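Since we're looking at a predicted model, the values are computed, not measured. First the proteins, then the strands, lettered A, B, ... as listed; each starts at 1.
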Amino acid sequence: MSKNSYQLKELEKLVSLAKRRGIIFPSSEIYGGLSSVWDYGPIGVEIKRNVKNLWWKSFVTERDDIFGIDASILMHPDVWKASGHLDSFSDPLVECSATGKRYREDHIFILEIQIKKENKLITIEASDKDEVKNLVKDKIISITPLAESNNKENPSPEGGILSEPRNFNLMFKTFIGPAEDSSSTVYLRPETAQAMFVNFLNVLNSSRKKIPFGIAQQGKSFRNEITPGNFTFRTREFEQMEMEFFCNPSEDEKWHKYWIDFSLDWFKKYGLREENLMIRKHENEELPHYSKASSDIEYLFPWSWGELETISNRTDFDLKAHSKFSGKDLSYFDQENNNRYTPFVIEPAMGADRSVLAFLCDAYCEEETEKETRTLLKLHPDVAPIKIAVLPLSRKDSLTEYSKKIFDDLKGLFTTQYDDTQSIGKRYRRQDEIGTPLCVTIDFESVEEDNSVTIRDRDSMEQIRVSSDKLIEAINDKFKSF
RNA sequence: GCGGAAGUGGCUCAGUGGUAGAGCAUCUCGUUGCCAACGAGAAGGUCGCGAGUUCGAAUCUCGUCUUCCGCUCCA
């Protein structure tokens with residue numbers, strides 16, 4: 001068995017575990033499911049909330065230079081004209097094999113022209129035939145719109161071959177109001193970023209903050225991906241954790257590097273192993289229209305390396321575009337240096353669902369014990385859905401009463417589960433499978449003798465005995481040492 | 001969208017035309033019991049869906065849906 005298929009087997013096991021233990025379910029399953037759409041269950045929702053809250057803490061509340069917003073998914077349709085998403089997302093496009101650049105099919109014309117008595121075929125980008133005539137001074141024999149070309153392969157304006165035209169309807173369309181006429185068409189946002197550009201002035205004015213500063217947001221985005229798949233890695237509805245950091249154009253490279261390092265440290269801090277992480281700088285030809293430079297933080301998923309986060313230098317593209325389309329000046333006046341400029345933007349854009357998946361993949365672990373295989377999620381305690389399980393060794397009334405009291409003391413401080421079904425061994429294994437770092441076990445000694453309980457460690461399975469009066473203290477000490 | 005594989009209890013799978021099965025998981029009762037413990041019992045499936053062939057279909061045929069793997073994606 002190759003390493004790859006072995007690892008894919010691991011992914012299948014994780015998908016099974018996720019369903020069995022209430023982490024992630026296929027959407028609308030009783031109706032046959034919906035392709036590549038997933039629901040978080042009772043355990044999964046805790047993990048995802050933890051990941052989002054940890055991000056928010058690191059990127060917003062622990063800092064004094066970043067502000068959060070929570071914008072609507074629906075926005076004015078012109079937002080997507082300004083951002084470029086409408087043009088490059090919804091028209092039939094052809095792609096150049098050499099540069100990867102996409103052209104609107106109706107803006108490409110095939111020309112047969114005569115240069116020095118020799119007939120040549122060239123391709124030109126223009127909005128209509130009249131513009132073509134103005135652009136080309138040579139003797140034109142014929143002008144054929146690309147759509148009417150009978151050639152199997154057409155050259156692109158920048159060399160290379162043009163692909164077959166495709167409809168890239170990457171944005172989800174919907175309607176405002178019950179009447180489905182085109183005047184009320186709106187889109188589900190394909191990225192959360194634009195809300196932060198559109199609210200740039202609002203945040204700037206209400207926060208009285210000077211540049212550099214950032215605006216952060218978490219929320220759902222929607223893209224009609226051509227190829228979704230790999231569990232929750234690429235889905236058409238997904239949640240982003242994005243931050244737009246506005247800075248002086250002269251400092252963009254410094255901040256770009258800063259946010260790459262900051263993000264990488266964040267993933268490492270919450271448990272992803274360093275050997276499974278890498279930074280990949282984008283080649284120039286894969287940069288999108290708005291970006292000057294981009295780096296990915298990639299994680300070694302069971303199928304391959306995949307992007308968790310892209311940190312882009314979006315330059316002043318978006319603010320300038322919105323200035324142009326809205327007519328509102330989005331430039332910034334720097335009082336210290338007495339000059340006006342449009343800020344550059346560094347954007348760390350993290351996938352919330354992808355991050356959860358990476359934490360799960362990294363934590364998934366099988367250990368051979370004497371009789372069985374122990375499956376566990378070695379999640380960082382801050383990411384773990386349940387922090388503590390309270391497990392009475394038997395269901396005798398005296399133990400139940402004592403254990404419930406322990407549970408009541410803990411549940412306000414930690415996410416805690418109480419479980420008194422079946423054997424203690426099975427309960428430990430169940431908690432291992434959802435990544436509960438600590439189990440507190442109560443036995444007759446606790447009740448009848450010394451008022452002490454056992455704390456059992458998920459990873460080492462070691463137990464320590466502590467007085468129940470000092471239980472909370474002991475738990476906090478254990479969490480600190482993870 | 002094209003090609004390949006697959007869909008049977010919660011999970012993993014067996015079952016090639018004759019009354020739907022196993023292991024694990026789940027639930028109940030008992031057990032002074034600490035790493036998927038032991039004993040007893042219970043529940044759970046119109047075999048993805050829809051047609052067709054047949055006396056009879058999980059099994060054969062067609063359609064359809066879904067999932068997985070490869071190609072253009074990127075959070």
Side-chain angles (χ1 to χ4, degrees), chain A residues 4-5 8 11-13 15-22 25-37 93 95 97 100 102 163-164 166-168 170 190-193 218-235 237-242 280 282 286 288 294 296-298 303 305-312 347-355 357-358 367 369-376 391-396 398-399 421-433 439 441-445 447-448 454 456-458 461-463 465:
Chain A
N4 196 34
S5 62
L8 288 171
L11 179 67
E12 282 174 31
K13 286 182 185 173
V15 174
S16 291
L17 175 71
K19 185 175 174 190
R20 197 155 42 85
R21 289 291 174 215
F25 305 127
S27 165
S28 318
E29 205 182 5
I30 62 167
Y31 287 100
L34 187 60
S35 179
S36 290
V37 184
L93 298 181
E95 199 172 21
S97 64
R102 294 203 184 109
S163 68
E164 288 292 304
R166 282 211 206 91
N167 272 312
F168 281 80
L170 254 53
E191 61 176 16
T192 62
Q218 299 179 333
K220 290 283 180 80
S221 293
F222 302 82
R223 290 179 200 171
N224 257 321
E225 294 291 347
I226 305 157
T227 312
N230 282 330
F231 201 20
T232 57
F233 180 76
R234 180 170 292 121
T235 54
E237 172 181 346
F238 59 100
E239 188 146 14
Q240 296 185 297
M241 306 189 286
E242 289 196 303
R280 194 181 65 84
H282 285 209
E286 60 181 320
S294 284
D296 287 332
I297 294 181
E298 298 202 338
W303 57 92
W305 288 93
E307 305 81 6
L308 291 177
E309 179 177 9
T310 299
I311 300 105
S312 298
E347 175 196 77
M350 204 183 281
D353 307 276
R354 286 181 177 187
S355 298
L357 184 57
E367 282 180 5
T369 62
E370 283 174 27
K371 287 176 283 184
E372 289 286 344
T373 303
R374 183 168 83 110
T375 303
L376 66 158
L391 312 173
L393 220 45
S394 118
R395 272 184 179 168
K396 284 278 191 239
S398 58
L399 273 193
T421 60
Q422 300 180 317
S423 73
I424 188 67
K426 285 187 181 179
R427 282 181 273 163
Y428 283 144
R429 290 292 188 271
R430 270 206 293 265
Q431 295 300 332
D432 289 340
E433 282 193 336
C439 293
T441 310
I442 294 95
D443 56 21
F444 285 95
E445 225 178 303
V447 182
E448 294 165 5
T454 302
R456 180 263 195 186
D457 181 277
R458 174 193 68 202
M461 295 194 279
E462 280 167 6
Q463 302 184 337
R465 189 112 195 148

Item checked: Closest to the A:A349 side chain, choosing from B:A36, B:A75, B:C11 -> B:A75

Margin query: Quick check on B:C11: is either OP1 or OP2 less than 4.0 Å from any side-chain nitrogen or oxygen of A:K13?
Written below: no

Checklist line | N or O in side chain of A:Q422 less than 4.0 angstrom from B:A36 OP1/OP2 | finding: no

Next item on the list: Could you give the distance separating B:U64 and B:G23 at their P atoms, to the nearest angstrom?
Entry: 39 Å

Next item on the list: Measure from the side chain of A:R395, starting at C-beta and using heavy atoms only, and say which of B:U28, B:C74, B:C11 lies closest.
Entry: B:U28

Check: A:R280 side chain: which of B:U28, B:A36, B:C74 is closest?
Finding: B:C74

Note to self: Suppose we screen for side-chain hydrogen bond (donor to acceptor under 3.5 Å, both in side chains). Which residues come up paired with A:T375, at least two apart in sequence or across chains?
What the structure shows: none

Note to self: Just to verify, what does A:T232 make a side-chain hydrogen bond (donor to acceptor under 3.5 Å, both in side chains) with, not counting sequence neighbours?
What the structure shows: none

Item checked: Watson-Crick or G-U wobble mate for B:G56, both contacts under 3.5 Å -> none

Next item on the list: Answer yes or no: side-chain N or O of A:D432 and base N or O of B:C35 forming a donor-acceptor pair under 3.5 Å.
Entry: no

Note to self: Tell me whether the side-chain N/O atoms of A:R223 come closer than 4.0 Å to OP1 or OP2 in B:A75.
What the structure shows: yes

Next item on the list: Return the nearest nucleotide to the side chain of A:K426; candidates are B:U28, B:U32, B:A36.
Entry: B:A36

Margin query: Between B:A75 and A:Q218, counting only base atoms on the nucleotide and side-chain atoms on the residue, is there a donor-acceptor pair under 3.5 Å?
Written below: no

Next item on the list: Look at the side chain of A:Q463 and decide which nucleotide, out of B:C35, B:U32, B:U28, has an atom nearest to it.
Entry: B:C35

Margin query: Suppose we call a contact any N or O donor and acceptor under 3.5 Å apart; does that hold for the side chain of A:R456 and the base of B:C35?
Written below: yes

Checklist line | Selected nucleotide, minimal atom distance to A:S16 side chain, candidates B:C11, B:A25, B:U32 | finding: B:C11

Notebook entry, point to check: Who does B:C68 pair with, Watson-Crick or G-U, both distances under 3.5 Å?
Noted result: B:G4

Note to self: Assuming nearest nucleotide by heavy-atom distance, tell me which of A:R465 and A:E239 is located more 5' along RNA chain B.
What the structure shows: A:R465

Check: Would one find a side-chain N or O of A:N230 under 4.0 angstrom from OP1 or OP2 of B:C69?
Finding: yes

Notebook entry, point to check: Residues in side-chain hydrogen bond (donor to acceptor under 3.5 Å, both in side chains) with A:S394, at least two apart?
Noted result: none

Margin query: Nearest heavy atom decides the nucleotide; on that basis, is A:I442 or A:G306 closer to the 5' end of RNA chain B?
Written below: A:I442

Margin query: For a quick check, with a 4.0 angstrom heavy-atom cut-off, what is the B/S/- contact string for nucleotides 2-8 of chain B, read 5' to 3'?
Written below: -------

Next item on the list: Consider the side chain of A:L393, meaning its heavy atoms from C-beta on, and name the nucleotide among B:C34, B:A36, B:A37 that approaches it most closely.
Entry: B:C34

Next item on the list: Applying side-chain contact (heavy atoms from CB on, under 4.5 Å), name anything that partners A:A18, two or more places apart in sequence or on another chain.
Entry: A:I23, A:I24, A:F231

Checklist line | Base of B:A36 and ring of A:Y428 stacked, centres under 5.5 Å, planes under 30° | finding: no

Notebook entry, point to check: So, is A:R429 near the phosphate of B:A36, with a side-chain N or O under 4.0 Å from OP1 or OP2?
Noted result: yes

Next item on the list: Kindly write out the residues that satisfy side-chain hydrogen bond (donor to acceptor under 3.5 Å, both in side chains) with A:T441, not counting sequence neighbours, or none if the list is empty.
Entry: A:Y428

Note to self: Which nucleotide, if any, forms a Watson-Crick or G-U wobble pair with B:C24, using both distances under 3.5 Å?
What the structure shows: B:G10

